[in-house]
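Predicted model, so just to flag it, every value in this text is computed and none were measured.
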Amino acid sequence: MIIDKDFYDKSALDVAKELLGKVLVREVDGKILKGKIVETEAYIGATDKACHAYNGLRTKRTEVLYGDCGISYIYFIYGLYHCLNVVTNKKEVAEAVLIRALEPINEFDYISKIRYDKKYDQLTKTQLKNLTNGPSKLCLAYLLNKDLNAVKLYEKGAVYITDGNSENFEIVESKRIGIDYAEEAKDFLWRFYIKDNKYVSKK
């Protein structure tokens, strides 16, 4: 079942934890790709120097963060890679959750072909580990790019999020990755992941 909009109408810190175990669905090329969300990071514009909208910054790129909750925020980094975020909280409150890692559920050969031009059973141990264990890696594997920016993730379409299987897991809280520039915000324990999941980008 697709998660409804109200799910996202709260703090990014809450949504970041609650998204763990949910399923990202990507419909592309006549296929329905599914990946379990196993790692997230929260970003909160009001207090977070790592957030693109820190201190009320508004640009053409960040305007999506001030929009309705439950939409995608996809941006380009290093001139090479995309990152997928989910906008949360009330309109005009700039908050989002970065999807950091997915555990592939199906269409293994398809995403392996995209990432490594090989079938899944031909991947090395390193390639298996690196298939979707990072924000840019999962965007490559699931063909997520800026064309899908500002998409409603609570409606069936090219990309959306559904409930996962009921399962018990322990959530680990830690510092976010790659934000050493963010002064005190680099120490916020705003990264969340499913303990012992092999697709988590960094333990």
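Side-chain N or O atoms of Ser72 include one that pairs as donor or acceptor with a backbone N or O of Leu148 at under 3.5 Å. Looking only at distances, no side-chain donor or acceptor of Asp109 sits under 3.5 Å from a matching main-chain atom of Lys119. Under a 3.5 Å cut-off, the side chain of Asn133 and the backbone N or O of Ala101 do not form any donor-acceptor pair. Between the side chain of Asp29 and the backbone N or O of Lys31, no donor-acceptor pair lies under 3.5 Å. No side-chain donor-acceptor contact under 3.5 Å links Arg176 to the backbone of Glu41. Under the 3.5 Å distance criterion, the side-chain polar atoms of Tyr66 are matched with a main-chain donor or acceptor of Gly56.
Heavy atoms only, all atoms of each residue included: Val87 and Val64 are closest at CG2-O, 3.8 Å. The minimum heavy-atom distance linking Val86 with Leu19 is given by the pair CG2-CD1, 4.3 Å. Closest of all the heavy-atom pairs between Ala42 and Asp48 is O-OD2, 4.1 Å. Across every non-hydrogen atom of Leu65 and Ala96, the tightest pair is CD2-CB, 3.5 Å. Between Ile32 and Glu27 the shortest heavy-atom distance is CG1-CG, 4.0 Å. The minimum heavy-atom distance between Asn149 and Ile74, with the atom names listed, is OD1-N, 2.9 Å.
Put simply, the side chain of Phe192 does not reach to within 4.5 Å of the side chain of Val97, judged on heavy atoms. Counting heavy atoms from C-beta outward, Asp196 and Phe169 have side chains that stay 4.5 Å or more apart. Side chains of Lys90 and Asp9 form a contact here, defined as non-hydrogen atoms less than 4.5 Å apart. Contact annotation: the side chain of Ser174 approaches that of Arg191 to within less than 4.5 Å [non-hydrogen atoms, C-beta and beyond]. A 4.5 Å side-chain heavy-atom check between Tyr160 and Ile3 finds every atom pair outside the cut-off. A heavy-atom distance below 4.5 Å is found between the side chains of Asp187 and Lys175.
Val25 and Ile71 fall into different hydrophobic clusters, where Ile, Leu, Val, Met, Phe, Trp and Tyr are joined by side-chain heavy atoms under 4.5 Å apart, directly or via other members. Leu143 and Leu140 fall into different hydrophobic clusters, where Ile, Leu, Val, Met, Phe, Trp and Tyr side chains are chained together by heavy-atom contacts under 4.5 Å. The cluster map of Ile, Leu, Val, Met, Phe, Trp and Tyr, joined by side-chain heavy atoms under 4.5 Å apart, puts Tyr110 and Val23 in different clusters. Each of Leu189 and Tyr181 belongs to its own hydrophobic cluster when Ile, Leu, Val, Met, Phe, Trp and Tyr are linked at side-chain heavy-atom distances under 4.5 angstrom. Using a 4.5 Å cut-off between side-chain heavy atoms of Ile, Leu, Val, Met, Phe, Trp and Tyr, with links allowed through other members, Ile105 and Ile111 fall into different hydrophobic clusters.
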Derivation and outcome, side-chain contact (heavy atoms from CB on, under 4.5 Å), residues Val28 and Tyr142: CA-CA 8 Å; Val28 61; Tyr142 286 78; over 6 Å; no

CA sep, side-chain torsions, deciding dist, call: Glu170, Ile194, side-chain contact (heavy atoms from CB on, under 4.5 Å): CA-CA 6 Å; Glu170 184 177 340; Ile194 295 176; over 6 Å; no

Test log, rule side-chain contact (heavy atoms from CB on, under 4.5 Å), inputs Tyr120 and Leu128: CA-CA 8 Å; Tyr120 186 74; Leu128 284 168; 3.5 Å; yes

Check against side-chain contact (heavy atoms from CB on, under 4.5 Å), Tyr199 and Leu138: CA-CA 10 Å; Tyr199 284 97; Leu138 71 89; over 6 Å; no

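Remark: Glu183 engages Lys49 in a salt bridge, criterion side-chain N to carboxylate O under 4.0 Å. Look at Lys113 and Glu107 and you find no salt bridge, because none of the NZ, NE, NH1 or NH2 atoms lies under 4.0 Å from a carboxylate O.
Atoms NZ and OH, from Lys5 and Tyr154 in turn, are 4.0 Å apart once rounded to the nearest 0.5 Å. Note that NZ of Lys152 is 13.0 Å distant from CD1 of Ile2, once rounded to the nearest 0.5 Å. From Ile161, atom CD1 reaches atom CD1 of Ile99 across 5.5 Å, with rounding to the nearest 0.5 Å. Rounding to the nearest 0.5 Å places NZ of Lys146 at 12.5 Å from SG of Cys139. In this structure, Leu102 CG and Leu33 CG are separated by 10.5 Å, a value rounded to the nearest 0.5 Å. Atoms CD and CD1, on Glu39 and Ile177 in that order, are 5.5 Å from each other to the nearest 0.5 Å.
Heavy atoms from other residues, nucleotides or ligands lying under 6.0 Å from NZ of Lys129 number 12 at most. Summarising the local packing, CG of Asn165 is surrounded by 12 or fewer heavy atoms from other residues, nucleotides or ligands at distances under 6.0 Å. For Tyr81, the OH atom sits in a loose shell: 12 or fewer heavy atoms of surrounding residues, nucleotides or ligands are nearer than 6.0 Å. Residue Lys203 qualifies as enclosed at atom NZ: its count of foreign heavy atoms under 6.0 Å is above 12. Counting heavy atoms of neighbouring residues, nucleotides and ligands inside a 6.0 Å radius, atom NZ of Lys17 exceeds 12 of them.
The ring pair (Phe, Tyr, Trp, His ring centres under 6.0 Å) search around Phe76 returns His82, not counting sequence neighbours. Asn145 is linked by a side chain to side chain donor-acceptor pair (under 3.5 Å) to nothing, counting only residues two or more places apart in sequence or in another chain. Listed by chain and residue number, Trp190 satisfy the ring pair (Phe, Tyr, Trp, His ring centres under 6.0 Å) test with Phe188 (two or more places apart in sequence, or in another chain).
Partner of Gln127 under the side-chain contact (heavy atoms from CB on, under 4.5 Å) criterion, out of Leu131, Leu123, Asn130: Leu123 alone.
Taking the six-membered ring for Trp and thresholds of 30 and 60 degrees, His52 and Tyr75 have ring planes more than 60 degrees apart, a perpendicular arrangement.
Relative to the ring axis of Tyr193, Arg100 does not place its NZ or CZ within 45° and under 6.0 Å from the centre.
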